[in-house]
Amino acid sequence: MPETIRMSHRAWVATSALLCGAGLAATAGLNASSSPDPNPEEPVSAECAERIADIETELAKAKDEGNDTVLTFSRVQVGDRNDCSDELRHHFHGDQ
């Protein structure tokens, strides 16, 4: 069997630090070069716009009363085309 090459602890630490640094530099470069996909603004349906306005009103009332949260429920079944979940998510949380 061939004999393995022995390395000192300093050599292992230096090699590990070099590889970690190279990985971090590569990751930073990739993150800097990639830009988020621009999502064109899709028009919000009248029903969803009304729902967003209702929630905004409830939030304003809650803030006047000292609260900063509101619990809201969808008016239609989940999965329906008009459930407004994507529009609500985009309006209140942005695209995460």
Side-chain angles (χ1 to χ4, degrees):
M1 279 174 68
E3 198 171 309
T4 59
I5 299 173
R6 297 185 55 89
M7 290 178 62
S8 68
H9 290 291
R10 287 183 187 167
W12 279 110
V13 170
T15 303
S16 297
L18 180 70
L19 290 174
C20 287
L24 288 173
T27 301
L30 287 172
N31 286 339
S33 68
S34 65
S35 62
D37 295 334
N39 292 334
E41 286 292 320
E42 296 180 10
V44 177
S45 70
E47 182 179 329
C48 292
E50 180 185 343
R51 182 68 179 142
I52 289 170
D54 289 346
I55 294 171
E56 288 286 352
T57 303
E58 291 297 321
L59 276 172
K61 284 182 194 175
K63 285 184 182 180
D64 288 343
E65 295 172 359
N67 285 332
D68 61 349
T69 58
V70 172
L71 179 63
T72 185
F73 297 95
S74 179
R75 294 179 178 168
V76 295
Q77 293 181 347
V78 174
D80 187 13
R81 284 188 177 185
N82 296 325
D83 70 354
C84 300
S85 60
D86 292 335
E87 291 85 352
L88 290 169
R89 189 176 303 111
H90 178 71
H91 181 79
F92 289 106
H93 295 294
D95 292 333
Q96 297 181 355

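Computed over heavy atoms, backbone and side chain alike; hydrogens, waters and symmetry mates excluded.
- Going from atom CZ of R10 over to atom OG1 of T15 covers 13.5 Å, rounded to the nearest 0.5 Å.
- In this structure, I52 and E87 approach most closely via the heavy-atom pair CD1-O, 4.1 Å.
- Counting heavy atoms from C-beta on, the side chains of H91 and E56 come closer than 4.5 Å.
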